[in-house]
Every structure is written in C-alpha cells, then in structure tokens.
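Counting convention: from 1, in listed order, for ligands and their atoms alike.
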Amino acid sequence: MRAADACPGVLRPHRAEDGAMVRLRLPGGRVTAETLVRLVELATSYGNGIVQLTSRAGLQVRGLPDPLPSAFVAAVAATGLLPSTTHERVRNIVASPLTGLSGGLTDLRPLIAELDAGLIAEPSLSALPGRFLFVLDDGRGDVVDLTFDLGYQATGRGEGRVLVASPDSGLAVSATEAVPVLLDLARQFVTARTASGAWHVAELPAWIESLDLTSPPATHGSPSVPLGHVGDAASVLVPLARLDLKQARAIDRAVSSGPVVVTPWRGLVLPGASGQLEALANAGMVIDDESAWAGISACVGAPACARARADTAAIAEVLAAGGKPVRQIHISGCERRCGAPAHDHLDLVAPQASVSVSTAR
Ligand code: SF4
C-alpha cells in the first residue's frame with residue numbers, strides 16, 4: 001500500500017523543522033508582480049520572509065506558524081493564487097517560459113489557461129496525485145526533458161503531439177485537440193492507477209502500451225533561459241531561488257507588461273524589464289550567466305528540513321565565493337535531492353567534508 005500523497009498545498013501544509021511550509025502552483029509559472037510582492041509580504045509577516053521558487057515553476061513559503069493561521073490562508077486566497085480548494089495540488093503545469101514573449105513555434109499561453117480551467121472543472125481530476133506534472137512545450141524543446149506525466153509539444157502554430165510520460169513517442173493532434181486529449185488521458189490515468197496507487201504515468205507501462213502511441217519523438221532544445229536581455233524582457237535569478245521583499249519590490253518596479261514568469265530552472269522572466277537590469281542587480285538579483293550563482297543550486301537543507309545532514313545554503317555560499325564552477329552544482333541535504341536540475345550537473349549529497357576557499361598569496 002502506498003503512503004498517502006504528502007505533496008503540500010496551502011490547504012494541506014507540510015510540517016517541517018522550521019514550521020509549516022506551503023506550496024503554491026502557478027500554471028505556466030505566471031504570476032503578477034503585485035501578487036508576488038503580496039506573497040513576500042505575507043511570508044515576512046507570518047514566516048521567514050522568503051518566497052522560494054520551485055523546480056516546477058511554483059512558489060513555496062516556509063517557517064510559518066503550525067497550525068497555519070486562517071488569516072494567512074484567507075490572505076493567500078485573496079491574491080487569487082488559490083482558485084480551487086479541491087484541485088489546488090493538481091494544477092502542476094510547466095510551460096516553455098518564453099512562450100508568447102520570444103521565440104517558439106507558437107504562443108501557448110491560451111493553452112495554459114485552457115488546461116488549468118479544464119483541470120479545475122473536472123471533479124474526477126482532483127484525484128490526480130500532487131506529483132503529477134503536465135508540460136506544454138512551444139516547439140523549442142526546453143521543457144520536454146523534465147520528468148513529466150503528460151505533455152504537448154507544438155510542431156507548428158496549429159498542430160503538435162501529445163506526449164505520454166516520455167518525449168520519445170506520442171499522438172499527433174491539432175492544437176485545438178491538445179487540451180481535450182490531455183484531460184481525457186488524465187481521466188484515464190486516474191482510473192488506471194486505482195489498483196496500484198501509481199503516482200506517475202510511467203509506472204503503468206501496460207496502460208501506456210494500450211494507447212498505441214505513434215508520432216515521432218519530440219524536438220529537444222536547451223533547458224534554460226539565458227540571463228540578461230531576452231527581447232524586451234529581463235531574465236534573472238535570485239541566489240538559491242530565495243526571493244526577499246526588497247527583490248520582489250524591485251521586480252514590481254521593473255516589470256512593465258504582463259505577468260512575471262517563474263521558470264522551471266528557478267529563474268524569473270520579467271516582461272518589459274530589459275532596461276532595468278542594473279536596478280535588478282542592485283536589488284541582489286543575478287543578471288549574468290557568468291555569475292557564480294548561475295552555476296549553483298541547493299535544496300533548503302539544515303536546519304529547516306528534518307532529513308538534512310548538511311547546511312546546504314552555507315556550503316553554497318562558500319562555493320559561490322570561489323567563482324562560477326566549471327559545471328552546474330546542486331547541493332542536497334539528503335538522497336532525495338529536492339530541486340535538483342533535470343540536466344547534467346555535479347550532484348553533491350550531504351557533503352561531509354568541510355568546504356573552504358583558500359586564496360593563493
Ligand atoms: S533533499 Fe533532503 S534535505 Fe534537502 S530539502 Fe529535500 S528532503 Fe530535505
């Protein structure tokens with residue numbers, strides 16, 4: 001028998017060493033700058049003052065009182081980030097972050113909204129596991145290498161392929177068929193997982209086989225957004241994906257068109273803010289791929305997480321002081337490797353040796 005689905009939400013917080021933790025889903029990573037500021041204000045009033053960016057392009061708030069005050073839940077709901085009490089943990093939709101802003105074969109923003117609305121409207125889909133992930137790729141191939149359950153990759157403006165647990169095969173569909181087919185497959189998965197309690201589509205190979213997938217493999221691209229100017233947008237990171245109030249307010253001042261986009265690589269795309277890079281850097285954001293912080297990520301680690309055997313943030317600070325590593329490093333406090341990049345990286349798990357930086361004289 002599987003353990004209960006423990007994926008946290010606002011209505012089902014996770015109990016951590018540093019208090020309650022809540023996770024907020026942002027379909028396609030989209031959130032207005034005003035909402036982002038409001039959430040960091042709430043994190044400052046109730047929690048540790050930090051909003052974390054997640055590897056599913058969502059947000060987390062930690063260090064909250066346990067039990068969670070109803071006033072906090074009401075304040076989060078008032079931001080609009082909790083449109084469904086029954087489906088809050090299944091709105092896991094990662095999309096190409098730059099879709100509709102720069103590049104790609106088509107603008108997937110309408111499909112993101114359609115899929116989210118369709119998920120919420122279907123009562124049976126509240127039974128999807130909280131770990132279930134949809135990806136929507138606008139043809140550039142940036143998100144199809146994430147570990148996902150169901151996906152869509154555009155092959156043109158009006159057509160694409162639905163992907164089932166893998167970028168290697170799928171079903172050719174028109175763009176208008178994409179969301180209905182994804183929702184139908186999700187409903188089928190809810191039924192097919194009943195006996196085993198599978199968390200993911202990949203755990204049901206017989207069901208996948210029955211779908212008679214035929215279309216050619218997906219196109220693969222770079223799983224990243226370069227830092228700096230991207231069209232008229234600014235692309236930035238916050239060190240260790242931890243956003244504070246000063247940074248959120250700088251983002252609010254810088255963004256001039258459309259919502260902020262949180263990327264699955266725990267960065268931020270800020271529409272209309274390409275002229276504000278210096279101000280963003282002054283607020284502590286990383287605007288250059290040559291920065292050390294562009295090459296280092298870490299899970300929350302000790303002391304916030306009970307499983308952690310290392311203070312991952314402290315180790316990351318020491319490594320960052322040494323300059324950009326020759327390859328991406330992810331530091332985890334235990335073997336779960338939360339937030340580890342899907343692409344190649346140096347995997348440091350609970351490093352036990354003391355890490356120091358020596359300066360040659
Ligand atoms: S990788 Fe381990 S230590 Fe780090 S946040 Fe996840 S469970 Fe905690």
Side-chain angles (χ1 to χ4, degrees), residues 2-10 12-26 29 39-40 43 46-66 68 89 92 94 129-133 145-149 199-200 202 223 237-244 262-267 292-320 325 327-355:
R2 289 284 177 100
D5 186 349
C7 276
V10 175
R12 195 191 296 186
H14 169 69
R15 286 186 164 174
E17 290 295 288
D18 58 344
M21 182 270 274
V22 302
R23 185 173 298 159
L24 294 124
R25 277 74 181 176
L26 307 175
L39 196 61
V40 186
Y46 289 90
N48 65 5
I50 298 293
V51 167
Q52 292 177 293
L53 315 181
T54 77
S55 57
R56 288 184 160 200
L59 302 172
Q60 285 183 172
V61 184
R62 307 188 67 100
L64 295 163
D66 183 13
L68 208 55
R89 298 183 310 130
N92 299 303
V94 167
R131 307 171 193 202
F132 194 94
L133 180 66
D145 287 314
L146 298 174
T147 301
F148 66 88
D149 292 284
W199 298 123
H200 292 293
L237 290 178
V238 283
L240 299 180
R242 299 174 189 194
L243 184 73
D244 64 23
V262 179
T263 80
W265 311 290
R266 308 206 291 179
W293 286 116
I296 300 171
S297 59
C299 79
V300 66
C305 178
R307 291 175 178 267
R309 305 194 303 277
D311 183 344
T312 53
I315 294 169
E317 294 274 358
V318 173
L319 290 175
R327 63 184 303 188
Q328 178 80 33
I329 294 175
H330 184 76
I331 308 158
S332 303
C334 79
E335 287 70 14
R336 280 198 172 188
R337 298 176 169 82
C338 297
H343 53 274
D344 284 350
H345 62 279
L346 183 60
D347 179 32
L348 295 184
V349 177
Q352 293 300 302
S354 64
V355 180

Query raised in the report: Side chains of D149 and N92: does their closest heavy-atom pair fall under 4.5 Å?
Result: no
Query raised in the report: atom 4 (Fe) of ligand 1 to C299: any N/O/S contact under 2.8 Å?
Result: yes
Query raised in the report: Looking at CD of E317 and OG1 of T312, how far apart are the two atoms once the value is rounded to the nearest 0.5 Å?
Result: 10.5 Å
Query raised in the report: Rounded to the nearest 0.5 Å, how far apart are NE2 of H345 and CZ of R337?
Result: 7.5 Å
Query raised in the report: For ligand 1, does C338 get within less than 4.0 Å through its side chain, its backbone, both, or neither, judged by non-hydrogen atoms?
Result: both
Requested in this report: Give the numbers and elements of all ligand 1 atoms closer than 4.0 Å to a heavy atom of A308.
Outcome: 3 (S)
Report summary line: Heavy-atom closest pair (F132 atom, R56 atom, distance to 0.1 Å) is O-NH1, 3.6 Å
Query - I50 side, atom CD1; R242 side, atom CZ - distance, nearest 0.5 Å - result: 8.0 Å
Query - Interfacing atoms of ligand 1 (cut-off 4.0 Å, heavy-atom, G333) - result: 3 (S), 4 (Fe)
Query raised in the report: What protein heavy atom sits nearest atom 2 (Fe) of ligand 1, and how far away is it?
Result: C334 SG, 2.3 Å
**Report entry** E335 contact mode with ligand 1 (heavy-atom cut-off under 4.0 Å)
**Finding:** neither
Query - Identity and distance of the protein heavy atom lying nearest atom 8 (Fe) of ligand 1 - result: C305 SG, 2.3 Å
Query raised in the report: Ion pair present between E335 and R309, side-chain N to carboxylate O less than 4.0 angstrom?
Result: yes
